[in-house]
2 protein chains.
Amino acid sequence: MATETEENYIKAIYKITEKNQGSANTNAIAQHLSTSPASVTDMLKRLSEKEYFHYEKYKGVYLTSKGIKMATNLVRKHRLWEVFLVDKLGFSWDEVHDLAEQLEHVDSDDLIKKLDDYLGNPKYDPHGDPIPNAEGKFTIRNQVSLQSLTKGEKGVVVGVREHDTPFLQYLNQQGISLGTEIKVLNHIDFDHSKNILIDNSSEKVLSQKACSNLFVKKSSS
Amino acid sequence: MATETEENYIKAIYKITEKNQGSANTNAIAQHLSTSPASVTDMLKRLSEKEYFHYEKYKGVYLTSKGIKMATNLVRKHRLWEVFLVDKLGFSWDEVHDLAEQLEHVDSDDLIKKLDDYLGNPKYDPHGDPIPNAEGKFTIRNQVSLQSLTKGEKGVVVGVREHDTPFLQYLNQQGISLGTEIKVLNHIDFDHSKNILIDNSSEKVLSQKACSNLFVKKSSS
DNA sequence: AAATATTTTTAGATTAGCTTAAAAATATTA
DNA sequence: TAATATTTTTAAGCTAATCTAAAAATATTT
């Protein structure tokens, strides 16, 4: 069994390589884990012997299939716990990350299987992120950034790109959550903000940044 | 925040002092935690500075109120998670101990509060052990060992003294669980075993050892 | 290509928690 | 009480994970 620290390294490498065309460098890992680059080098040397990833000095690392399997399993556990916390315990979507970060390290395949069934085998977590299945496969979905919708077009919110707490809380305030229907009333060229209609009732203005962080499923307009 | 190891030491000391008139010695702690007496001495020296217990060389330790608070909170968390695993996820009472042992270290008062509410503020865990409230208070119950029932007397199973897996699985086989009604048909003097009637339907023989490990609430016979 | 900046690694130390072996203290028995 | 047994502590050392400071390698700029 891997230690919690080891699991966190693998997950960090996975997250970074997701964005970074397949490889993660020392500094990025250090930043992601709030530790020093020296510690990371140290850890990479020791961990690479366990075959979770390939490591070449000064060249960064990339995960092996063993490492990917471990990482997706952690993602799976994290997201299932998030569903539990929101759907069953009544937490809000902006409160669950740190808790899931702890819970994901609990080690029991049986537990995860039972939890998954109990939650109704959800395919997406409370932020709209896909939950990989036991084999590590993600369910892909038809989605676009809200930014790409033009005047008159409509969509249903299905996810958020970044899910830092302030952004989620801002969405709460605006009355936007998963399932919210958004119609683009107007696009302001000047600053790329948008005038939108939320659930056919209230008008709001969303900045370019907010729009680019919202994923929607286009619906017929 | 205390580390997981620290929490395990405090809990071990608590469990031992519960049986051992208020103090725990080095060997007992070592055995309880499957570690060496030398490690325990080492740890006691370091931990006693954090005021969880009083430690005097060669004299063993006893918990301070700060330590007792921490221990009962761990017991609370452990037992609430056990209720969750059995009531919600469908685990059997003989499968939940090790999992709860992991889950009890998850750190969040808010989580425990919400979990408690979600479970309906249970007062007892799946083994019939009382769940301390947030202030560390246990709900006491009228109970006696099955051993003390005499011929003709009846009782309802409300708990088990030891809950090692083999014993619980044995009870499963015998069709005995919390809530089972037991009537003593006969007491065999020779080996102190008992002839019992389970839920008014099936007759069984229970050894002295089994009887002494079962708690019942006496009912009118 | 040389100079500068950035990134990564090495070196040397620290802390928590553990180990074994030996020494010291306490408890038990003859 | 002396001898023996048990318990506890000390001593020395290990591993995982971290740190800072310095050195080495790589990347960027002039």
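Keep in mind that the numbers below use all heavy atoms, side chains included, and drop hydrogens, waters and symmetry copies. The sequence lines fix the lettering, A, B, ..., with proteins before strands; numbering per chain opens at 1.
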Looking only at side-chain N and O atoms, does [X] come under 4.0 Å of OP1 or OP2 in [N]?
X     : N      : value
A/N25 : C/dT7  : no
A/Y58 : C/dT10 : no
B/T3  : C/dG17 : yes
A/T35 : D/dC19 : yes
B/T26 : D/dT9  : yes

For C/dA16, the Watson-Crick or wobble counterpart (both distances under 3.5 Å):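 Answer to the pairing question: D/dT15, which forms a Watson-Crick or G-U pair with C/dA16.
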Just to be sure I understand the rule, does [X] reach a base, reach only the sugar-phosphate, or reach nothing, if contact means heavy atoms closer than 4.0 Å?
X     : answer
A/T5  : sugar-phosphate
B/S39 : base
A/T41 : base

Donor on one side chain, acceptor on other, [X] and [Y], under 3.5 Å:
X      : Y      : answer
B/H163 : B/D129 : yes
A/H127 : A/E82  : yes
B/W93  : B/N172 : yes

Let me know the distance between [atom1] of [X] and [atom2] of [N], rounded to the nearest Å.
X     : N      : atom1 : atom2 : answer
B/M43 : C/dC18 : CE    : P     : 6 Å
B/R46 : C/dT15 : CZ    : P     : 11 Å
A/L44 : D/dA17 : CG    : P     : 12 Å
B/L33 : C/dT19 : CG    : P     : 10 Å
A/I29 : C/dT7  : CD1   : C1'   : 13 Å
B/E4  : D/dA17 : CD    : C1'   : 16 Å
A/N8  : D/dA17 : CG    : C1'   : 12 Å
A/E56 : D/dT26 : CD    : P     : 10 Å

Where the side chain of [X] is defined as all heavy atoms beyond and including C-beta, which of [options] is the nearest nucleotide?
X     : options               : result
B/S36 : C/dT20, D/dT8, D/dT18 : C/dT20
A/N27 : D/dA25, C/dT7, D/dA17 : C/dT7
A/K45 : C/dT9, C/dT7, C/dT10  : C/dT10
B/A38 : C/dT20, C/dT9, D/dT18 : C/dT20
A/K57 : C/dT20, D/dT8, C/dT10 : C/dT10

Aromatic ring pairing A/W81/B/W81, orientation class (parallel under 30°, perpendicular over 60°, tilted between):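 If you compare the ring of A/W81 with that of B/W81, the planes turn out perpendicular.
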Side chain proximity check, A/E6 to A/K50, heavy atoms < 4.5 angstrom: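 A side-chain contact exists here, since the closest heavy-atom pair is under 4.5 Å.
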Residue whose closest nucleotide on DNA chain D lies nearer the 5' end, A/P37 versus B/K59: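 Taking each residue's closest nucleotide, the earlier one in sequence belongs to B/K59.
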Candidate list B/E4, B/E18, B/E104, test salt bridge (charged side-chain N to carboxylate O under 4.0 Å, His left out), partner B/K11, passing option: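 Testing each of B/E4, B/E18, B/E104 against B/K11, the sole residue satisfying salt bridge (charged side-chain N to carboxylate O under 4.0 Å, His left out) is B/E104.
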